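In this text, all values refer to a predicted model and were calculated from it rather than measured experimentally.
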Amino acid sequence: MCGVLQRGVSPPEIVVMASGNGSNFEAIVRATREGLLFARVKKLIVDRDCFAIERAKRLGIDWVRLEKPWQRSLTNLLRELQPSLVVLAGFMRVLPPEIVNEWRWKILNIHPSLLPAFPGVEAIRKAYEYGVKVTGITIHFVDEGVDTGPIIFQKALEVRNEWDLEELENHIHELEHRYYPRVIHAVLHGTWRIEGRRVILEEDIG
Ligand code: GRF
């Protein structure tokens, strides 16, 4: 994707939600600064102390930790922030149906396998130990289930015999960091429609 030139127009504001390392959060912020993703990360939302907070501090992005009960706190926060998109990036909780419903088609998630294979936690390890020859990443809209929402984008990766689990994890994360910002850009600025469960995105993400 080439640089996005939209001078004079304010970028749409998005929020990112994380619980852990925050490497996807950082990749998204960097993409906004490199002109690959026309958006502004208004806030990082976390549910616990995690390394993503350190990244937010370094990157100069506002962050907030959800208070208890986290569902109420999140409902209020999203209503206040009114983001164009809510981007889940390693957020380790299932969103309550009320929030999913209020923000339907505005919440994205990334998952490190080719769904519907290996939903839930530790997907990379599960795929590796299962012995799959092909795995990959999935970016999808969030619905009421766990990793069950309509798929926007998938990228496959062949698992080489000589890779150990760590090498596979590194390759998966590389794909995530490359493609998540592009998909977010396409959802924000591109043309797409829903046919049943099928998400038809006009843009060629690559
Ligand atoms: C990623 O592998 C993502 O697919 C999954 O959680 C992980 C988050 O990694 N949902 P990071 O915190 O962005 O480094």
Side-chain angles (χ1 to χ4, degrees), residues 1-7 9-19 22-45 52 59 61 74 77-79 81-91 93-95 97 99-116 119 123 136-156 172-206:
M1 187 187 294
C2 53
V4 179
L5 293 173
Q6 299 196 30
R7 294 203 178 91
V9 181
S10 318
E13 294 179 325
I14 63 176
V15 300
V16 179
M17 297 180 54
S19 301
S23 67
N24 280 284
F25 158 66
E26 178 158 348
I28 291 163
V29 172
R30 292 196 183 282
T32 65
R33 293 176 180 174
E34 288 161 8
L36 288 167
L37 162 57
F38 189 62
R40 185 172 84 85
V41 178
K42 192 172 191 183
K43 208 165 284 275
L44 169 73
I45 300 175
L59 292 161
I61 301 287
L74 182 58
L77 196 56
L78 293 180
R79 284 182 185 165
L81 293 168
Q82 285 298 315
S84 295
L85 271 187
V86 178
V87 175
L88 306 189
F91 186 71
R93 290 177 192 264
V94 179
L95 297 184
I99 294 184
V100 171
N101 202 33
E102 189 171 337
W103 294 87
R104 199 173 296 281
W105 309 117
K106 290 196 169 181
I107 312 177
L108 303 190
N109 184 42
I110 188 163
H111 186 76
S113 73
L114 293 176
L115 290 170
I137 63 166
T138 302
I139 297 167
H140 62 92
F141 287 112
V142 170
D143 69 3
E144 287 78 357
V146 176
D147 302 323
T148 53
I151 292 171
I152 304 167
F153 176 83
Q154 291 186 304
K155 195 76 184 177
I172 290 282
H173 294 314
E174 266 172 38
L175 287 183
E176 292 186 323
H177 301 162
R178 186 175 327 144
Y179 288 105
Y180 209 6
R182 296 179 194 200
V183 172
I184 295 165
H185 181 87
V187 170
L188 282 171
H189 303 286
T191 307
W192 52 270
R193 65 185 190 281
I194 309 292
E195 290 178 2
R197 270 193 61 89
R198 301 183 69 225
V199 181
I200 316 292
L201 194 64
E202 299 294 337
E203 264 75 4
D204 182 16
I205 304 287

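Considering L85, I45, L77 in turn, I45 is the only one that fulfils the side chain to side chain contact (heavy atoms under 4.5 Å, CB included) rule with V15. Test H111, K155, Q154 against T138 for side-chain hydrogen bond (donor to acceptor under 3.5 Å, both in side chains) and you get one pass: Q154. For the side chain to side chain contact (heavy atoms under 4.5 Å, CB included) test with N109, the passing option among V146, D143, V86, D147 is D147; the others fail.
Among all heavy-atom pairs drawn from P181 and L37, the shortest one is O-CD1, 3.9 Å. Of all heavy-atom pairs between N24 and A89, the closest is CB-CB, 3.9 Å. Nearest heavy-atom pair, L114 versus G136, reported as atom, atom and distance to 0.1 Å: CG-N, 3.7 Å. Residue H177 comes nearest to S23 through the heavy atom pair NE2-OG, 2.8 Å, listed as atom of the first residue, atom of the second, then distance. When all heavy atoms of I107 and I99 are compared, the pair lying nearest together is CD1-O, 4.2 Å. W103 and L78 make their closest contact through CZ2-O, 3.4 Å (heavy atoms, listed as atom of the first residue, atom of the second, distance).
The side-chain heavy atoms of M17 and L74, taken from C-beta on, include a pair separated by under 4.5 Å. In this structure the side chain of Y180 reaches within 4.5 angstrom of the side chain of L108, judged on heavy atoms. Put simply, the side chain of R30 does not reach to within 4.5 Å of the side chain of L36, judged on heavy atoms. In this structure, the side chains of S84 and L188 come closer than 4.5 Å at one or more pairs of heavy atoms. L95 places a side-chain heavy atom less than 4.5 Å from the side chain of L88. Residues I61 and V16 are not in side-chain contact: their nearest non-hydrogen atoms beyond the backbone lie 4.5 Å or more apart. Counting heavy atoms from C-beta on, the side chains of V41 and F25 come closer than 4.5 Å.
Classified by interplanar angle (parallel below 30°, tilted 30° to 60°, perpendicular above 60°), the ring pair F141/W105 is perpendicular. Aromatic ring pairs are classed by plane angle as parallel below 30°, tilted from 30° to 60° and perpendicular above 60°; the pair H189 and H185 is tilted.
Ion pairing between K43 and E13 fails under the 4.0 Å rule for side-chain N and carboxylate O.
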(request) Go through the steps to decide whether E203 and R182 satisfy the test salt bridge (Lys or Arg N to Asp or Glu O under 4.0 Å), and finish with yes or no. (result) CA-CA 10 Å; E203 264 75 4; R182 296 179 194 200; over 6 Å; no
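Put simply, the side chain of E34 never gets that close to the backbone of A31: no donor and acceptor are under 3.5 Å apart. For the pair R178 (side chain) and H173 (backbone), a donor-acceptor distance under 3.5 Å is absent.
Around atom NZ of K42, more than 12 heavy atoms belonging to other residues, nucleotides or ligands sit under 6.0 Å away.
Rounding to the nearest 0.5 Å places OH of Y179 at 7.5 Å from CD1 of I137.
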